[in-house]
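What follows is a single structure, written as structure tokens, with notes after it.
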2 protein chains.
Amino acid sequence: MQDQQQTFVKMGLDAWHNTVKRTDKVLDSISDEQMMQETAPGRNRGIYLLGHLAAVNDGMLKILGLSDRQHAELDEVFLQSPDKSGKEMPDVRTLRRYWAESNKVLNEHFSKMEAADWFGRHTSVSEEDFAKEPHRNKLNVVIGRAVHLSEHYGQLVFLANKNG
Amino acid sequence: MQDQQQTFVKMGLDAWHNTVKRTDKVLDSISDEQMMQETAPGRNRGIYLLGHLAAVNDGMLKILGLSDRQHAELDEVFLQSPDKSGKEMPDVRTLRRYWAESNKVLNEHFSKMEAADWFGRHTSVSEEDFAKEPHRNKLNVVIGRAVHLSEHYGQLVFLANKNG
């Protein structure tokens, strides 16, 4: 049981970490100036996607029951508003820092978790619902976030140099 | 053990099916003409991404040990070549059909699998390696494919109507 739990956890965390790694690599290849451009005509700019991803990462602290939010102020601009809403946003360098810090703090928490912890409920599901739907656990959040991150990774690559 | 296996299988398959569902929805909203356009200037066209996704799905039949490939001929154009290689490709309608059929046949196979089957090795890993790395199982392939699909989903949405 313990062994198989650990295998499951590795599968989910690998999906997450591999996607973060690819995203970091593409973000590193995009200049701050390029981040101000649209990923495609009329679509979200790089800066918006970066803020969006930092906000989602920050939200994981809460949904996984790890700690309080560190940058809940990002939600209004990057989750509740579309790009070019006119709302003030941090600059690209600050958002890059938030993104990097969010991954650092998530990794610190993840490294302390036992395999069984991952199969506990996340904070957005009630104990009653969780009893009926045990798949709504913390590891499932991470798998879902990997899929979400990959969607925006696919868009961010359009800002990277074509022959890069 | 059996219960937890089933829970984890549900987590992996949900990630896959939800991503296929979202992709189907966006593909339905893109006309055949729009599929001939680039997702962003200088980037892959919709038709190429559709063929790429159909080829990857078709390859899952083999890597999951479910059946022989049905459209191995897609690999040369959509996996081994970039878009606009000059190589002949099926038209959009045909590729839409291949994509739909590949999901149908995958689902038929998936519905017959027991939870424990998902934790068996996939056909691209040797028995020796699998003994040391049990996470390289069939379910892990599906999770990885969900992440891959989401990347291209994020690009296909750029072909959909902006207010759609």
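A note on names: the letters A, B, ... follow the listed sequences, proteins ahead of strands, and every chain is numbered from 1. Please read these numbers as outputs of a predicted model, since none were measured by experiment.
Ranked by heavy-atom pairs under 4.5 Å with chain B, the first of V157(A), N140(A), I143(A) is N140(A). Of the listed residues (T39(B), D14(B), N18(B)), the one with the most heavy-atom contacts under 4.5 Å to chain A is T39(B). For the set G144(A), A146(A), S150(A), G12(A), the count of heavy-atom pairs under 4.5 angstrom toward chain B peaks at S150(A).
Interatomic distance, CD of Q5(B) versus OG1 of T7(A), reported as 10.5 Å (0.5 Å rounding). Atom CD of E133(A) and atom NZ of K10(B) lie 7.5 Å apart (nearest 0.5 Å). The line from CE of M11(B) to CG of N137(A) is 4.0 Å long, rounded to the nearest 0.5 Å. Taking CD of E151(B) as the reference point, atom CG of L156(A) lies at 11.0 Å (rounded to 0.5 Å).
When the shell of 6.0 Å around NZ of K25(B) is examined, it contains 12 or fewer heavy atoms from other residues, nucleotides or ligands. In this structure, D68(B) places its CG atom where only 12 or fewer heavy-atom neighbours from other residues, nucleotides or ligands lie under 6.0 Å away.
A 4.5 Å side-chain heavy-atom check between F8(B) and L139(A) finds at least one atom pair inside the cut-off. Using a 4.5 Å heavy-atom cutoff, the side chains of L149(B) and V147(A) are not in contact. Here the side chains of Q4(A) and Q4(B) are not in contact, with every heavy-atom distance at 4.5 Å or above.
When heavy atoms are compared at a cutoff of 4.5 Å, R22(B) approaches chain A solely by way of its side chain, counted from C-beta outward. Interface remark: H152(A) contributes no atoms to any contact with chain B (heavy atom separation under 4.5 Å).
In this structure, Y48(B) is a member of the same hydrophobic cluster as V92(B), with clusters built from ILVMFWY side-chain heavy atoms closer than 4.5 Å. Hydrophobic clustering of Ile, Leu, Val, Met, Phe, Trp and Tyr side chains at less than 4.5 Å, counting indirect connections, keeps L95(B) apart from V56(B). Cluster annotation: L64(A) and F130(A) are assigned to distinct hydrophobic clusters (Ile/Leu/Val/Met/Phe/Trp/Tyr, side-chain heavy-atom contacts under 4.5 Å, transitive). In terms of hydrophobic clustering, with Ile, Leu, Val, Met, Phe, Trp and Tyr side chains grouped at heavy-atom distances under 4.5 Å, L66(B) and V125(B) are assigned to different clusters. By the rule that hydrophobic residues join a cluster once side-chain heavy atoms approach within less than 4.5 Å of another member, F78(B) and M60(B) end up as members of one cluster.
Note: F158(A) and F158(B) have tilted aromatic rings, judged against thresholds of 30 and 60 degrees for the angle between ring planes.
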